[in-house]
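These notes concern the structure reproduced below.
Since the model is a prediction, treat every value here as computed from it, not as a measurement.
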Amino acid sequence: MAAKQTVYHVSPSGERAAAAGIKWQVEGREGRRLLHEPHRTQKDAINAARQHARAHQPAQVIVHAVDGHIRTAYTYGDTPAMPSGERGRKAGEHGGVF
């Protein structure tokens, strides 16, 4: 049986955190541990999420743009097979991958 994939999201932080200079966050669940890390730049957040993903394979990093849509995704390790009906759909479409 394959290990469950860990998913990390890099997304803009809320207004309160942004007012304090924290613009981006990394969120994910590593087993029972909930990860929530603040970062000042998107680049720092992406680098941190990718380090977590490498350490907890199989994993995926999903990077969101400022408006919330999915900008890109990185996959690490052997991920569970995706059903053939899910392939080729755009993010946000009904029944899409994300």
Side-chain angles (χ1 to χ4, degrees):
M1 182 173 183
K4 186 173 179 177
Q5 178 175 305
T6 303
V7 179
Y8 298 94
H9 291 271
V10 175
S11 59
S13 61
E15 290 179 22
R16 178 180 266 172
I22 306 299
K23 306 284 186 193
W24 293 90
Q25 62 188 1
V26 176
E27 293 181 313
R29 182 173 295 279
E30 297 170 345
R32 291 186 171 191
R33 179 177 172 245
L34 182 61
L35 176 71
H36 183 82
E37 287 182 352
H39 295 276
R40 293 198 181 277
T41 66
Q42 186 181 39
K43 182 178 179 179
D44 290 344
I46 291 170
N47 289 338
R50 292 180 79 176
Q51 285 181 325
H52 285 292
R54 284 186 199 103
H56 296 93
Q57 293 183 26
Q60 185 175 37
V61 175
I62 299 174
V63 181
H64 297 269
V66 174
D67 65 2
H69 79 270
I70 295 172
R71 215 179 88 189
T72 190
Y74 303 96
T75 303
Y76 299 88
D78 294 330
T79 58
M82 187 184 321
S84 61
E86 296 293 316
R87 296 180 193 273
R89 295 184 190 216
K90 294 180 182 175
E93 284 184 357
H94 181 66
V97 176
F98 303 106

How close do Val61 and Ala49 get, counting heavy atoms only, and between which atoms? CG2-O, 3.6 Å

Between Asn47 and Gln51, is a side-chain contact (heavy atoms from CB on, under 4.5 Å) present by the stated rule, with each step listed? CA-CA 6 Å; Asn47 289 338; Gln51 285 181 325; 5.8 Å; no

State, with a plain yes or no, whether a side-chain heavy atom of Tyr8 is found less than 4.5 Å away from one of Leu35. yes

Find the distance between CD1 (Ile62) and OH (Tyr74) and round it off to the nearest 0.5 Å. 12.5 Å

Could you state the interatomic distance from CD (Gln57) to OG1 (Thr75), rounded to the nearest 0.5 Å? 10.5 Å

Which atom of Pro12 lies closest to which atom of Gln25, heavy atoms considered: O-NE2, 3.5 Å

Take Glu27 and His36, measure what side chain to side chain donor-acceptor pair (under 3.5 Å) needs, and give me the verdict at the end. CA-CA 5 Å; Glu27 293 181 313; His36 183 82; 3.0 Å; yes

Check Ala48 against Glu37 and note the closest heavy-atom contact, atom names and distance. CB-OE1, 3.7 Å

First locate atom OH of Tyr76, then atom CD of Gln5, and finally report the distance between them rounded to the nearest 0.5 Å. 12.0 Å

Which distance, rounded to the nearest 0.5 Å, do you find between the CH2 of Trp24 and the OG1 of Thr41? 9.5 Å

Residue pair His56 / Thr6: nearest heavy atoms and the distance that separates them: O-OG1, 3.9 Å

Measure from the ring center of His64 to the ring center of His9 and say whether it is less than 6.0 Å. yes

Output the distance between atom OG (Ser11) and atom CD (Gln42), rounded to the nearest 0.5 Å. 9.5 Å

